[in-house]
Amino acid sequence: MDAMRRLILLLPVLLLAPGAALAASIPGSPASPPVAAATPPPAAGNDAINGAVAGVLISTLTEQFGGRAVSLMLDSVNVQPASISDCIVSGEGRARIDGDPDWIGFRFSTLYDTTFGSAAYPDISLGGVTGDERNVPNDPALLRQLDDRVAERLDGEFSGQPVRLQLDSITTVEAGTRYLRINASGIADFGPEGTTPTRIEALYDRRDGAWLRVNYELGASGGLQSLPALAGS
């Protein structure tokens, strides 16, 4: 996916007051009810920008979380001009999945087209926003699953060329009571073809035993690629 491709928003987005939650409904699954934060920080930007950005964030997270309904709250929005017709919009927010009481913090960045009032496919980084996260010991079984899935994807992407991951930095963070967020970095070893730096960001649902989001990046600035959400072993 090209991180700068533009999305024409097909689902109507209503921007609520700063700190109010937005929700997307998946066919056959009821939408999560809006939930307001206790004392939300003020968001910035006008309603058109905030609405377009919120809509594309909901659409992207719903896709990356395997079609699960997502409620979203924007805590801060920063707008910087990029060209005559484009702005870079970045900030922080929180997301809930399928109405779960736990909120997952995230940071985002996207390009907003002022002419068409649309936002591009965003870069989203989970974690590091809310204060209820804590480091926990790495689970060897989960790390093997994660390694196998990324290696299998790389094997298919590079036409069956053997790939071996060597992850030398791995952290597991407990996000609320249900989710584990795993960040890892190291190298992807392509044998005679050499090695390249690699980075992995993943979100695991302990209750359902499912990987909700697995993103990987090859090279220093190759851009994160997403794997489909998959059930755990």
Given F158 and L218, is the side-chain contact (heavy atoms from CB on, under 4.5 Å) satisfied, shown in steps? CA-CA 12 Å; F158 291 94; L218 295 180; 3.7 Å; yes
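- In terms of the side-chain hydrogen bond (donor to acceptor under 3.5 Å, both in side chains) criterion, residue partners of T172 (sequence neighbours excluded) are, by chain and number, N138.
- The environment of CD in E152 is sparse: at most 12 heavy-atom neighbours from other residues, nucleotides or ligands sit within 6.0 Å.
- Counting all heavy atoms, side chain and backbone alike, A151 lies closest to L165 at N-CD1, 4.2 Å.
- No donor-acceptor distance shorter than 3.5 angstrom exists from the side chain of T110 to the backbone of V89, with no hydrogens or angles considered.
- In this structure, the side-chain hydrogen bond (donor to acceptor under 3.5 Å, both in side chains) partners of T177, at least two apart in sequence or on a different chain, are D102.
- Taking the salt bridge (charged side-chain N to carboxylate O under 4.0 Å, His left out) definition, one finds that D189 meets it with R164, sequence neighbours left out.
- Contact of the I200 side chain with the D147 side chain is not registered, since no non-hydrogen atoms from C-beta on lie closer than 4.5 Å.
- D98 contributes atom CG, which lies 10.5 Å from atom CZ of F65 (distance to the nearest 0.5 angstrom).
- The distance from the CG atom of D123 to the CZ atom of R107 is 14.0 Å, given to the nearest 0.5 Å.
- Side chains of L57 and L74 form a contact here, defined as non-hydrogen atoms less than 4.5 Å apart.
- You'll find the side chain of Y179 reaches within 4.5 Å of the side chain of D100, heavy atoms only.
- Distance CG/L146 to CG/L180: 11.5 Å, rounded to 0.5 Å.
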Please list, one pair per line, the donor and acceptor atoms closer than 3.5 Å that link side chains of residues 181-188 to other protein atoms, with sequence neighbours excluded.
| from | atom 1 | to | atom 2 | distance (Å) |
| --- | --- | --- | --- | --- |
| R181 | NH2 | E133 | OE1 | 2.8 |

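- Remark: R207 engages no residue in a salt bridge (charged side-chain N to carboxylate O under 4.0 Å, His left out) (not counting sequence neighbours).
- Looking at L126 and E201, their side chains never come closer than 4.5 Å, going by heavy atoms from C-beta outward.
- Across all their heavy atoms, A210 and Y204 have their closest contact at O-CD1, 3.3 Å.
- Here the CG atom belonging to L72 is positioned 11.5 Å from the OG atom belonging to S59, to the nearest 0.5 angstrom.
- Distance check, rounded to the nearest 0.5 Å: CG of D113 to CD1 of I49 gives 11.0 Å.
- Take S109 and apply the side-chain contact (heavy atoms from CB on, under 4.5 Å) test, not counting sequence neighbours, and it matches I88, S90.
- Between L167 and L143 there is no side-chain heavy-atom pair separated by less than 4.5 Å.
- Among pairs with a residue in residues 134-145, those fulfilling salt bridge (Lys or Arg N to Asp or Glu O under 4.0 Å) read R134-E174, at least two apart in sequence or across chains.
- A donor-acceptor distance shorter than 3.5 angstrom exists from the side chain of T114 to the backbone of S85, with no hydrogens or angles considered.
- A single hydrophobic cluster is not seen to contain both L142 and V173; linkage of ILVMFWY side chains at heavy-atom distances under 4.5 Å, directly or through other members, places them apart.
- Contact of the R213 side chain with the I124 side chain is registered, since non-hydrogen atoms from C-beta on lie closer than 4.5 Å.
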Kindly determine whether L154 and Y216 satisfy side-chain contact (heavy atoms from CB on, under 4.5 Å), including the steps that lead there. CA-CA 10 Å; L154 291 175; Y216 68 93; 3.5 Å; yes
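- By the 4.5 Å heavy-atom criterion applied to side chains, R68 and L212 are counted as neighbours.
- Considering only heavy atoms from C-beta on, V56 stays 4.5 Å or farther from Y112 through its side chain.
- Here the CH2 atom belonging to W103 is positioned 4.0 Å from the CE atom belonging to M73, to the nearest 0.5 angstrom.
- Applying the salt bridge (charged side-chain N to carboxylate O under 4.0 Å, His left out) test to D205 and every residue at least two apart in sequence or in another chain returns R178.
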So V53 and F108, side-chain contact (heavy atoms from CB on, under 4.5 Å) or not? Walk me through it. CA-CA 10 Å; V53 169; F108 68 89; 3.6 Å; yes
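- When every heavy atom of A52 is checked against every heavy atom of A119, the shortest pair comes out as O-CB, 4.0 Å.
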